Amino acid sequence: NQLRSLEQADKMHSDGAHVAESTPRDHNAEDNRPQSSEAENVSQEEETAHNQRAPDPKIAQASQRMFDSVAAFLRGELSLTGQECTLLAAMNERAAAEYDKFGDYAEGLCVFFERLSQKSEILREYLADVDEIDRQVTELEAVASALDGYTSSLESRLRTASAPPSPSWSLGTAKLSF
């Protein structure tokens, strides 16, 4: 069909040139024109026959192969473009699935962080209690140490006071003091 269209366009162009040549511009100009010779008429007929003759089969086949090759190339390009679009769509779906997983993971992390914060708050209360107990234990240790010192002092006094008198001592001269 395309070959025929090209042939028709070429024929119309050729015929248009012949029509323009054969169409008089002025009726008087045609009368003033000398009569053409028979050789010129035959040459014009041969040229017209040459323009109207069927195209060379080799040219027709080469043109057909060219159109077929161009069509195959365009089909391949369109197929490749379609495959690329399909691949991009699959990649987009895969990326969306991965982003959904990341979103779920991030949501899980937020829940975990919230629970961890709550537990940390509870532990802070216990740590405050532990710090208070530690302070109280330190105070008790200081009191116990003071009591231990005082008790030691009392023991030493009591030993001294309750120690049996030595033989060199006389009973009348010993004085006990508390």
Side-chain angles (χ1 to χ4, degrees), residues 1-14 16 54-178:
N1 287 340
Q2 293 171 349
L3 182 59
R4 287 184 196 146
S5 298
L6 290 174
E7 290 173 359
Q8 288 175 353
D10 188 38
K11 181 179 176 184
M12 288 174 65
H13 178 69
S14 298
D56 186 11
K58 289 181 182 179
I59 293 174
Q61 288 175 351
S63 297
Q64 187 61 41
R65 279 194 313 264
M66 180 192 71
F67 287 124
D68 291 344
S69 297
V70 168
F73 170 75
L74 292 175
R75 269 189 244 107
E77 286 294 314
L78 290 174
S79 173
L80 180 63
T81 303
Q83 290 172 354
E84 287 176 347
C85 288
T86 302
L87 177 63
L88 284 174
M91 289 172 62
N92 283 340
E93 289 174 8
R94 176 72 176 153
E98 286 295 317
Y99 288 135
D100 284 344
K101 287 180 185 177
F102 289 148
D104 293 342
Y105 183 71
E107 187 176 321
L109 284 177
C110 288
V111 169
F112 174 74
F113 180 73
E114 186 65 34
R115 288 182 186 164
L116 191 61
S117 294
Q118 290 171 355
K119 289 178 182 179
S120 175
E121 200 59 43
I122 292 169
L123 283 176
R124 280 192 190 126
E125 293 174 11
Y126 288 131
L127 287 174
D129 290 345
V130 167
D131 287 341
E132 180 62 27
I133 292 170
D134 184 47
R135 187 186 61 75
Q136 290 174 358
V137 166
T138 304
E139 288 177 5
L140 281 174
E141 285 176 350
V143 169
S145 178
L147 281 175
D148 189 40
Y150 183 71
T151 307
S152 295
S153 143
L154 283 177
E155 274 181 8
S156 70
R157 281 187 194 169
L158 186 60
R159 278 190 208 140
T160 317
S162 64
S166 66
S168 61
W169 286 11
S170 70
L171 286 172
T173 59
K175 291 184 185 175
L176 293 174
S177 63
F178 289 157

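Given the structure is predicted, the values throughout are model-derived calculations rather than measurements.
At least one side-chain heavy atom of Glu84 sits under 4.5 Å from a side-chain heavy atom of Leu80.
Taking CD from Gln83 and OG1 from Thr86, the interatomic distance works out to 7.5 Å, rounded to the nearest 0.5 Å. To the nearest 0.5 angstrom, Leu78 atom CG is 9.5 Å from Phe73 atom CZ. Annotation: the span from Leu87 atom CG to Asn92 atom CG amounts to 9.5 Å, rounded to 0.5 Å. The structure places OG of Ser117 at 11.0 Å from CD1 of Ile122, a figure rounded to the nearest 0.5 Å. Distance check, rounded to the nearest 0.5 Å: CG of Leu140 to OG of Ser145 gives 12.0 Å. The SG atom of Cys110 sits 11.5 Å away from the OH atom of Tyr105 when rounded to the nearest 0.5 Å.
With hydrogens and angles disregarded, no donor-acceptor distance shorter than 3.5 Å links the side chain of Ser120 to the backbone of Leu116. Within the 3.5 Å criterion, the main-chain N or O of Arg75 finds no donor-acceptor partner in the side chain of Ser79. Under the 3.5 Å distance criterion, the side-chain polar atoms of Ser63 are matched with a main-chain donor or acceptor of Ile59. Listed for the Thr138 side chain is a donor-acceptor partner under 3.5 Å among the backbone atoms of Asp134.
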Evaluate the side chain to side chain contact (heavy atoms under 4.5 Å, CB included) criterion for residues Gln61 and Gln64: first the C-alpha distance (whole Å), next the side-chain angles of each, then the deciding distance (0.1 Å), finally the verdict. CA-CA 5 Å; Gln61 288 175 351; Gln64 187 61 41; 5.6 Å; no
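Heavy atoms of other residues, nucleotides or ligands lying less than 6.0 angstrom from CD of Glu107 number 12 at most.
Among residue pairs with one or both ends in residues 86-95, those qualifying as salt bridge (Lys or Arg N to Asp or Glu O under 4.0 Å) are Arg94-Glu98; sequence neighbours excluded.
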